[in-house]
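Presented below is the structure to which this report refers.
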Amino acid sequence: MQISFKSNAKKVKAELEKKGKDVGQSIKRALSITAQEGINIIERRTKRSVGFKGGKFTKYSPKYARFRRFRGRTNRPNLEFSGKMLGAMTTKADRKKATIFFTRAVEAKKAAGNNKLRPFFGFSRKEEKKLGDIFFRNIK
């Protein structure tokens, strides 16, 4: 997933150059921090059983709910059984973009399946605005 912001790039670049900073490194650092906060947003929201489009997650099937109870897990759909899927989310940033992705193919496959029924891997407009604010606050 990639996050994009609308900005006055010339103004940002001029401010950084005025401070004698390397523009590319400052942007890379800010993108990295922003992407990590993106993961935090996804994890917090998912823990509350809320999708990025708003609304609660679809309930688990009765069979899967029984399985979860048998294994000592909650029936609240929070997409967390072992913690491996959400724990496999990581970020990568360069001077132009930041990407949030899964480090293991097995976990990426689980996430894709979960995302079809319970959309969690994305951001609402409000969250995108918050991430944009974080990005601009962290350009130094």
Side-chain angles (χ1 to χ4, degrees):
M1 168 192 334
Q2 294 179 10
I3 305 164
S4 60
F5 308 106
K6 293 181 180 175
S7 69
N8 185 344
K10 288 181 182 179
K11 184 177 179 183
V12 171
K13 185 177 178 182
E15 284 294 316
L16 290 171
E17 287 175 346
K18 198 164 49 172
K19 294 177 182 178
K21 303 276 185 170
D22 176 22
V23 176
Q25 276 305 107
S26 294
I27 290 174
K28 181 179 177 180
R29 179 183 170 283
L31 283 171
S32 183
I33 292 168
T34 304
Q36 186 56 52
E37 182 57 29
I39 288 177
N40 296 342
I41 287 170
I42 291 171
E43 288 176 344
R44 281 192 303 265
R45 184 178 4 93
T46 302
K47 199 168 270 209
R48 293 188 336 258
S49 301
V50 176
F52 77 91
K53 295 178 181 178
K56 294 282 187 184
F57 287 153
T58 306
K59 291 184 179 187
Y60 291 132
S61 70
K63 184 178 178 181
Y64 186 64
R66 252 189 332 275
F67 170 74
R68 286 181 64 87
R69 274 195 309 274
F70 178 74
R71 294 293 180 127
R73 305 299 193 278
T74 177
N75 280 338
R76 187 175 186 199
N78 60 7
L79 308 183
E80 189 169 317
F81 189 82
S82 66
K84 290 180 182 178
M85 182 186 76
L86 293 176
M89 274 194 297
T90 191
T91 65
K92 177 174 58 173
D94 60 27
R95 293 172 182 226
K96 294 184 181 183
K97 66 181 178 188
T99 307
I100 298 172
F101 63 98
F102 292 86
T103 56
R104 295 183 300 277
V106 172
E107 306 308 329
K109 187 176 179 181
K110 274 193 244 178
N114 279 318
N115 204 47
K116 286 180 185 172
L117 188 57
R118 298 173 186 92
F120 73 98
F121 198 68
F123 300 105
S124 66
R125 285 196 173 121
K126 183 178 178 183
E127 292 167 340
E128 285 178 359
K129 184 178 180 338
K130 181 179 177 183
L131 290 170
D133 293 344
I134 290 168
F135 172 77
F136 289 112
R137 196 171 47 237
N138 284 289
I139 290 186
K140 297 178 182 177

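Between the Asn115 side chain and the Phe120 main chain, a donor and an acceptor come within less than 3.5 Å of each other. A side-chain donor-acceptor contact under 3.5 Å links Arg76 to the backbone of Arg48. Although no hydrogens or angles enter the test, the distance criterion places a donor-acceptor pair under 3.5 Å between the side chain of Arg118 and the main chain of Thr58. Under a 3.5 Å cut-off, the side chain of Arg69 and the backbone N or O of Asn75 do not form any donor-acceptor pair.
Residue Val50 is not grouped with residue Phe121 when hydrophobic side chains (ILVMFWY) are merged at heavy-atom distances under 4.5 angstrom, including chains of intermediate members. Transitive grouping of hydrophobic side chains (ILVMFWY, heavy atoms separated by less than 4.5 Å) keeps Phe52 and Phe102 in distinct clusters. Taking hydrophobic clusters as Ile, Leu, Val, Met, Phe, Trp and Tyr residues chained together by side-chain heavy-atom distances below 4.5 Å, Phe123 shares a cluster with Ile39. Taking hydrophobic clusters as Ile, Leu, Val, Met, Phe, Trp and Tyr residues chained together by side-chain heavy-atom distances below 4.5 Å, Met85 does not share a cluster with Val106.
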Exercise for review: Evaluate salt bridge (Lys or Arg N to Asp or Glu O under 4.0 Å) for Arg125 paired with Glu128, printing each intermediate quantity in order.
Suggested key: CA-CA 5 Å; Arg125 285 196 173 121; Glu128 285 178 359; 5.8 Å; no
**Study point:** Trace of the side-chain contact (heavy atoms from CB on, under 4.5 Å) decision for Gln25 with Arg95
**Key:** CA-CA 7 Å; Gln25 276 305 107; Arg95 293 172 182 226; 3.6 Å; yes
Exercise for review: Report the C-alpha distance between Ile134 and Arg137 in whole Å, list the side-chain angles of each, state the deciding distance to 0.1 Å, and finish with yes or no for side-chain contact (heavy atoms from CB on, under 4.5 Å).
Suggested key: CA-CA 5 Å; Ile134 290 168; Arg137 196 171 47 237; 3.3 Å; yes
Check your understanding: Is there a side-chain contact (heavy atoms from CB on, under 4.5 Å) between Phe57 and Leu117 once you walk through the steps?
Key -> CA-CA 8 Å; Phe57 287 153; Leu117 188 57; over 6 Å; no
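With rounding to the nearest 0.5 angstrom, the NZ atom of Lys126 is 10.5 Å from the CD1 atom of Ile41. Taking CG from Leu79 and OG1 from Thr46, the interatomic distance works out to 5.5 Å, rounded to the nearest 0.5 Å. Atom CZ in Phe67 sits 6.5 Å away from atom OH in Tyr64 (nearest 0.5 Å). Distance CD1/Ile139 to CG/Leu31: 7.5 Å, rounded to 0.5 Å.
Shortest non-hydrogen contact noted between Ala93 and Lys28 is O-CE, 3.4 Å. What you find for Ile42 and Met89 is that their closest heavy atoms are CG2-CE, 3.8 Å. Nearest approach of Arg45 to Gly51, heavy atoms of both residues: CD-O, 3.5 Å. The minimum heavy-atom distance linking Asn78 with Leu86 is given by the pair O-CD1, 4.4 Å. Contact detail for Ser49 and Pro77: the closest heavy-atom pair is OG-O, 2.7 Å.
In this structure, Arg71 places its CZ atom where only 12 or fewer heavy-atom neighbours from other residues, nucleotides or ligands lie under 6.0 Å away. For Lys56, the NZ atom is densely surrounded, since the number of other residues' heavy atoms within 6.0 Å is greater than 12.
With respect to Glu127 and Lys130, no salt bridge is recorded, no charged nitrogen being found less than 4.0 Å from a carboxylate O. Ion pairing between Glu80 and Arg68 fails under the 4.0 Å rule for side-chain N and carboxylate O.
Glu37 is listed as a side-chain neighbour of Asn40, based on a closest heavy-atom distance under 4.5 Å.
Tyr60 and Phe81 have their aromatic ring centers separated by at least 6.0 angstrom.
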